Novice: 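Once you've had a glance at the structure underneath, I'll fire off some questions.
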Amino acid sequence: MVSQTSNNVKLGIFVLSGLMVLIMSMYMIGRNQNLFGSNFSLKARFKAVSGLTDGNNVRFSGINAGTVKGIQIINDTCIEVNMVLNKKLQSFISKSALAEIGNEGLMGNKVINLTPGTIPASPVEDGDMLQSKAEVNTGSMLETFSRTNDNVEVISSDLKFALKRLNSSKPLWEILEDTSLSRDITVTLRNFRKSSESFTSSASDLKDMISSIKKGEGVAGMLIADKKEAENLKATLEHLNKVSANADKLTARLDSLAGALQQDMKEGKGTIPMLMKDPETANRIQKSLSNIEQGSATFNEEMQSLRQNRFIKKYMKKEKEAAGGTKK
Amino acid sequence: MKLSKTTTEVFNEVGELTYFTARFFREIFSPRFEWREFFRQCYVIGYKSLPLIGLTGFIMGLVLTIQVRPTLIEYGVEARIPAMMGLSFVREIGPVLSALIFAGKIGSSMGAELGSMRVTEQIDSMEVSGTNPYKFLVVTRVLAATIMLPVLSSLSDVIGIYGSYVAFNIRGAMTLRLFISEVFNYLKFSDIFPAHIKCYFFGFAVGIIGCYKGYFTRLGTAGVGRAANSAVVVSSVLIFILDLLVVQITDLIGIG
């Protein structure tokens with residue numbers, strides 16, 4: 001009888017453990033699908049759900065928040081997805097949150113990702129409709145990727161060609177291998193810096209000059225800035241113009257005079273041509289000149305002899321002393 | 001139309017089995033249920049089978065994981081081993097493996113026990129003494145088998161998944177907590193319910209075939225061995241046939 005009871009106890013433990021396993025596994029699955037505990041529902045409408053089914057996970061910022069509870073087709077471009085979410089997360093999900101259909105990994109199940117909205121809003125309420133975001137389509141992604149790839153191919157082949165040319169270019173390598181070049185460049189740069197400095201200073205000088213001209217200082221400034229002066233200048237210029245016109249006339253007259261003179265010269269009329277052309281007159285003049293020379297020479301001799309005279313010496317002395325006495 | 005001897009025998013046996021099953025349902029609802037014998041049978045059939053079924057489940061989980069691992073690594077989905085093993089154990093390996101071991105252990109023992117009682121005319125003497133041998137021997141055994149197999153199968157699932165965890169940690173590293181949460185991440189009610197329900201059918205099939213083969217043992221002691229043997233063979237085949245039916249039905253209703 002004792003063994004019977006102990007057998008029954010063992011049997012009881014065995015059966016209960018089996019039941020426990022069954023109940024525990026059901027509870028675990030139910031918890032995963034949010035069947036137990038308090039929860040709330042949300043809706044979102046998509047253009048296409050790309051294979052989403054009942055029971056797929058809903059994640060809020062990466063946390064498992066609930067499951068898909070139902071999918072209804074509203075019309076050919078609108079499908080409504082019903083989600084059941086854990087009540088604990090309700091206060092964190094704002095009304096501006098976005099729903100997006102994504103993948104668990106590259107080949108995994110579909111999943112709805114809820115991302116917090118950028119606009120601050122109040123927390124969601126039971127049965128709210130969330131805004132949906134278009135899914136990142138793997139197909140279009142790959143399409144873009146393939147286009148990019150093509151471009152990269154073209155670029156790389158061009159680059160290859162360019163590099164090949166650069167590699168085979170002798171002058172470039174000569175430049176690169178020239179050790180004195182760097183020194184030269186340094187010197188050049190230094191000079192360049194110096195000249196740019198001096199350029200700066202001259203530019204500032206020029207600036208000062210221009211500003212002083214603007215202010216009306218100096219001749220140029222006066223000319224540019226002073227209206228009255230400008231009018232004067234104008235009048236002067238007009239005057240100059242007249243003068244030059246007069247000078248024109250004068251030269252014309254001189255010209256005609258010279259013409260007449262030339263004519264006279266040719267014909268031998270008047271005083272000057274006669275003087276210039278008559279040899280007798282020339283001789284006379286020459287005689288007169290030599291006579292004058294002779295006369296002046298004799299005058300010189302007379303004066304020398306006069307200086308040697310005593311009386312005159314005395315007189316000269318007296319005159320000198322008188323001049324010195326008045327000075328003292 | 002003249003049927004061959006074997007064909008006639010098959011039909012005869014199917015007919016007899018149907019009567020036998022019908023009688024089970026008739027007797028189970030008639031009063032005076034043998035509780036004490038039922039619990040004793042539950043203990044023998046259920047509790048005593050646990051070590052064997054647990055061991056096979058553990059080894060199965062271990063071996064399958066080790067074998068499947070290199071292929072999954074090749075595809076880069078090593079992290080899905082818990083999900084895969086959990087799903088395959090709960091849906092198929094647990095129930096079918098337990099049922100087959102159960103058929104080997106319990107079906108043969110039923111066939112041999114009832115067969116020897118038949119050939120030693122104990123069953124006949126029970127009838128003479130006024131005890132209903134069907135009620136006492138068959139109903140309790142079949143019912144115990146029907147109820148015990150789902151329990152055994154659930155425990156086998158757990159042990160098998162634990163075996164898988166052990167095998168995973170021979171070369172990889174994953175905490176038991178993560179392993180279990182990964183297993184349940186991919187399980188649904190539609191995985192557990194059909195698997196659990198088909199265990200009742202498996203248990204019933206093993207019990208009823210074992211009892212039938214033993215109850216109608218003929219031709220002396222040689223017949224006992226034959227009864228035990230055919231009980232195992234028929235119930236094993238029946239388990240697979242039932243499995244096929246269940247999977248088609250669940251697939252049809254869309255809960256697969």
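A quick note: this is a predicted structure, and the numbers were derived from the prediction, not measured. Chain identifiers are assigned alphabetically (A, B, ...) following the order of the sequence lines, protein sequences preceding nucleic acid strands; residue numbering begins at 1 within each chain.
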Novice: Would one find more than 12 heavy atoms of other residues, nucleotides or ligands at under 6.0 Å from atom CD of A:Glu153?
Specialist: no

Novice: With rounding to the nearest 0.5 Å, note down the distance linking OG in B:Ser153 to CG in A:Leu22.
Specialist: 9.5 Å

Novice: Using every non-hydrogen atom in the two residues, find where A:Phe14 and B:Val151 come nearest and quote the distance to one decimal.
Specialist: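 For A:Phe14 and B:Val151, the tightest heavy-atom pair comes out as O-CG1, 3.6 Å.
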
Novice: Step through the shown structure and confirm whether more than 12 heavy atoms of other residues, nucleotides or ligands are within 6.0 Å of NZ on B:Lys105.
Specialist: yes

Novice: So which part of B:Asn185 gets closer than 4.5 Å to some heavy atom of chain A, the side chain, the backbone, both or neither?
Specialist: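 B:Asn185 touches chain A through backbone and side-chain heavy atoms alike.
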
Novice: Looking at A:Met129, I'd like to know if its CE atom is crowded, meaning that more than 12 non-hydrogen atoms belonging to other residues, nucleotides or ligands lie closer than 6.0 Å.
Specialist: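 Enclosed: over 12 neighbouring heavy atoms sit under 6.0 Å from CE of A:Met129.
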
Novice: Taking atom CD of B:Gln122 as the centre, does the number of heavy atoms from other residues, nucleotides or ligands within less than 6.0 Å exceed 12?
Specialist: yes

Novice: Return the CG to OH distance between A:Asn8 and B:Tyr43, rounded to the nearest 0.5 Å.
Specialist: 9.5 Å

Novice: Out of curiosity, B:Ser181 OG to A:Met28 CE, how far, rounded to the nearest 0.5 Å?
Specialist: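 Rounded to the nearest 0.5 Å, the OG-CE separation comes out at 7.5 Å.
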
Novice: Around atom OH of B:Tyr134, are there more than 12 heavy atoms from other residues, nucleotides or ligands closer than 6.0 Å?
Specialist: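 Atom OH in B:Tyr134 is crowded, with more than 12 foreign heavy atoms closer than 6.0 Å.
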
Novice: If you count heavy atoms of other groups shown closer than 6.0 angstrom to OH of B:Tyr162, is the number above 12?
Specialist: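 12 or below, so no.
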
Novice: What are the two closest heavy atoms between B:Phe193 and A:Met26, and how far apart are they?
Specialist: CE2-CE, 3.3 Å

Novice: Considering only heavy atoms, which portion of B:Ile147 lies under 4.5 Å from any heavy atom of chain A: side chain, backbone, both, or neither?
Specialist: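 Neither part.
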
Novice: Could you give the distance from CG (A:Leu11) to CD (B:Gln41), rounded to the nearest 0.5 Å?
Specialist: 11.0 Å

Novice: Could you pull out the closest heavy-atom pair between B:Ser154 and A:Gly18, with the gap in Å?
Specialist: CB-O, 4.0 Å

Novice: Look up atom OH in B:Tyr47 and atom CG in A:Asn7, then write down how far apart they are to the nearest 0.5 Å.
Specialist: 9.0 Å

Novice: Who are the ring pair (Phe, Tyr, Trp, His ring centres under 6.0 Å) partners of B:Phe179, not counting sequence neighbours?
Specialist: B:Tyr165

Novice: Looking at OG of A:Ser25 and CD1 of B:Ile192, how far apart are the two atoms once the value is rounded to the nearest 0.5 Å?
Specialist: 3.5 Å

Novice: Checking heavy atoms, do the side chain of A:Val15, its backbone, both or neither come under 4.5 Å from chain B?
Specialist: both

Novice: B:Phe184 and A:Ile29: which non-hydrogen atoms are nearest, and at how many Å?
Specialist: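 Heavy-atom minimum between the residues: CD2-CG1, 3.9 Å.
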
